[in-house]
**Student:** 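Below is one structure. I have some questions about it.
Just so it is clear: chains get the letters A, B, ... in the order the sequence lines come, proteins before strands, and each one is counted from 1.
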Protein chains: 2
Amino acid sequence: MAEKTLKERIIDTALRLFEQYGYHGVTVDRIVTESNASKGGFYHNFKSKDELLYHIHDVFITYVLNKAQEAYKNYHKPTERLCAIVQSFVKVFHLYKPHITVFYQESTYLRPEYSQKINEKRDEFKQVIFQVIREGIEAGEFRPELSVEITGMSIIGMVNWTYKWYKPNGPMTIEQIAIHFIDFILHSVLTEEAKKKMENSAFFLAHKQMI
Amino acid sequence: MAEKTLKERIIDTALRLFEQYGYHGVTVDRIVTESNASKGGFYHNFKSKDELLYHIHDVFITYVLNKAQEAYKNYHKPTERLCAIVQSFVKVFHLYKPHITVFYQESTYLRPEYSQKINEKRDEFKQVIFQVIREGIEAGEFRPELSVEITGMSIIGMVNWTYKWYKPNGPMTIEQIAIHFIDFILHSVLTEEAKKKMENSAFFLAHKQMI
DNA sequence: GCAAACAAACCAACTAGTCGGTCTTTGCAT
DNA sequence: ATGCAAAGACCGACTAGTTGGTTTGTTTGC
């Protein structure tokens with residue numbers, strides 16, 4: 001197996017430290033010490049401490065956005081798309097928890113040139129979700145009285161908040177959590193008609209038996 | 001009308017600056033300058049910059065906890081309690097938005113002696129919500145297959161996330177947002193039976209007509 | 001007279017970033 | 001293959017600037 005590069009070691013260490021102590025609670029010296037690197041090595045790989053923070057942000061948001069777009073492409077009915085997006089979104093919290101914590105706690109400290117790039121991708125992600133909800137309403141699968149924005153932000157908020165309480169080795173697996181979220185969301189957004197149809201669909205049954 | 005005390009002026013300024021630039025993005029000197037105070041005046045009112053941060057946290061969490069407990073006492077059916085708590089919770093975002101932003105972005109930087117006190121109140125708040133959900137399930141108003149913790153955290157997350165997108169002068173009033181949240185939540189947690197009962201209750205009708 | 005507040009100089013600690021230098025790998029001409 | 005020079009990776013002592021907090025003395029208003 002390949003050795004980890006210095007850059008990877010620095011990122012891993014920084015991620016761990018930022019998650020626990022916050023961006024400003026961790027000095028470059030400490031990152032360097034705990035990753036068995038040096039000041040020179042650090043600045044050889046990163047222009048600045050800011051750039052390291054940006055890098056962490058970018059890895060996460062790029063991944064999430066890709067997953068959402070992928071889920072959108074792989075399914076065609078709004079309900080299925082919504083489920084797939086939420087499911088992949090929730091699963092990210094298992095592998096990327098430190099990234100996410102940093103993403104939501106420290107984004108204030110991103111310099112403008114960096115935060116702009118991040119915000120573009122973040123907005124794109126939001127638009128995918130809004131789009132699915134809009135299509136769901138148009139298709140008659142989702143309740144017409146829903147507000148696209150508030151419903152979208154409710155879903156995003158509910159899922160995002162997971163980073164505050166999810167424990168990778170806790171009593172709930174990430175898959176179980178995802179199923180509960182989807183159950184919660186579907187009960188809210190589906191029309192009565194769509195709910196009845198769902199009960200007979202293979203897609204829904206595959207989920208239900210997992211609870 | 002009474003003049004604002006120096007302490008209040010400092011807090012207001014700090015709140016505004018912390019919200020925008022983050023705790024570490026604002027120096028004591030800047031707070032002092034922009035609140036037309038002096039360093040002496042600052043340290044006369046606060047032991048340290050940390051204590052100021054704690055104070056901001058405490059004002060907010062104390063208020064929210066009181067409101068939740070009040071709502072719990074004022075109502076007796078689980079469904080009504082849940083609605084009342086969510087409604088008062090959401091409304092807080094209108095008046096306390098800067099507090100909340102600081103609360104969720106900067107809590108990492110609270111010193112242990114402070115964060116412990118804050119966490120106690122925060123946990124107490126969570127327990128009120130969990131309790132209501134538990135009682136709702138027991139009373140047969142809420143779906144028995146719900147997980148108390150995940151449902152509770154879903155609601156808290158959904159509402160808390162509001163601080164990331166709510167604009168006090170935006171197109172949606174806080175009351176409208178609250179109604180959408182409650183609508184979303186009730187569709188998720190209520191049993192079919194409870195939903196039908198609700199449609200005839202004065203409590204529910206008063207809400208419905210506001211959408 | 002006394003507490004609240006001001007002014008400003010001062011300090012010690014800390015921290016992001018630099019810079020001259022070393023070691024290792026790579027590429028290329030012989 | 002071998003020698004060798006250039007490039008790149010990495011080191012760590014050092015610096016320049018910042019920042020929370022202190023001190024000392026003064027002013028204001030109840």
**Student:** For a quick check of understanding: with a heavy-atom distance under 4.0 Å over all strands, which category does Val32(A) fall into, base, sugar-phosphate or nothing?
**Tutor:** nothing
**Student:** From OH of Tyr43(B) over to C1' of dC11(C), roughly how many Å is that when rounded to an integer?
**Tutor:** 13 Å
**Student:** With sugar-phosphate meaning primed atoms plus P, OP1 and OP2, does His44(A) contact a base, only sugar-phosphate, or nothing at under 4.0 Å between heavy atoms?
**Tutor:**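 The residue His44(A) makes base contact.
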**Student:** Measuring to OP1 and OP2 of dC10(D), would you say a side-chain N or O of Asn45(A) lies under 4.0 angstrom away?
**Tutor:** yes
**Student:** From the set dG21(D), dC10(D), dG17(C), return the single nucleotide nearest to any side-chain atom of Ser38(A).
**Tutor:** dC10(D)
**Student:** Do Tyr166(B) and Phe93(B) have their ring centres less than 6.0 Å from each other?
**Tutor:** no
**Student:** If you draw the axis of the six-membered ring of Phe46(B), does the NZ or CZ of Lys7(B) fall within 45° of it and under 6.0 Å from the ring centre?
**Tutor:**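 Ring-cation test returns yes.
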**Student:** Within 45° of the six-membered ring axis of Phe125(A) and under 6.0 Å from that ring's centre, is NZ or CZ of Lys67(A) located there?
**Tutor:**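 Here Lys67(A) fails the 6.0 Å and 45° test against Phe125(A).
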**Student:** Just compare dG21(D), dC10(D), dG17(C) and give me whichever is closest to any side-chain atom of Asp50(B).
**Tutor:**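 For Asp50(B), the side-chain atoms sit closest to dG21(D).
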**Student:** Test the Lys49(A)-Tyr109(A) pair against the cation-pi criterion, namely NZ or CZ under 6.0 angstrom from the six-membered ring centroid and within 45° of the ring axis.
**Tutor:**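 No, a cation-pi geometry is absent between Lys49(A) and Tyr109(A).
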**Student:** Do the side-chain N or O atoms of Lys39(A) get closer than 4.0 angstrom to the phosphate oxygens (OP1, OP2) of dC11(D)?
**Tutor:**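 No, outside the criterion.
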**Student:** Ile31(A) has an atom CD1; how far is it from atom C1' of dT15(C), in whole Å?
**Tutor:** 12 Å
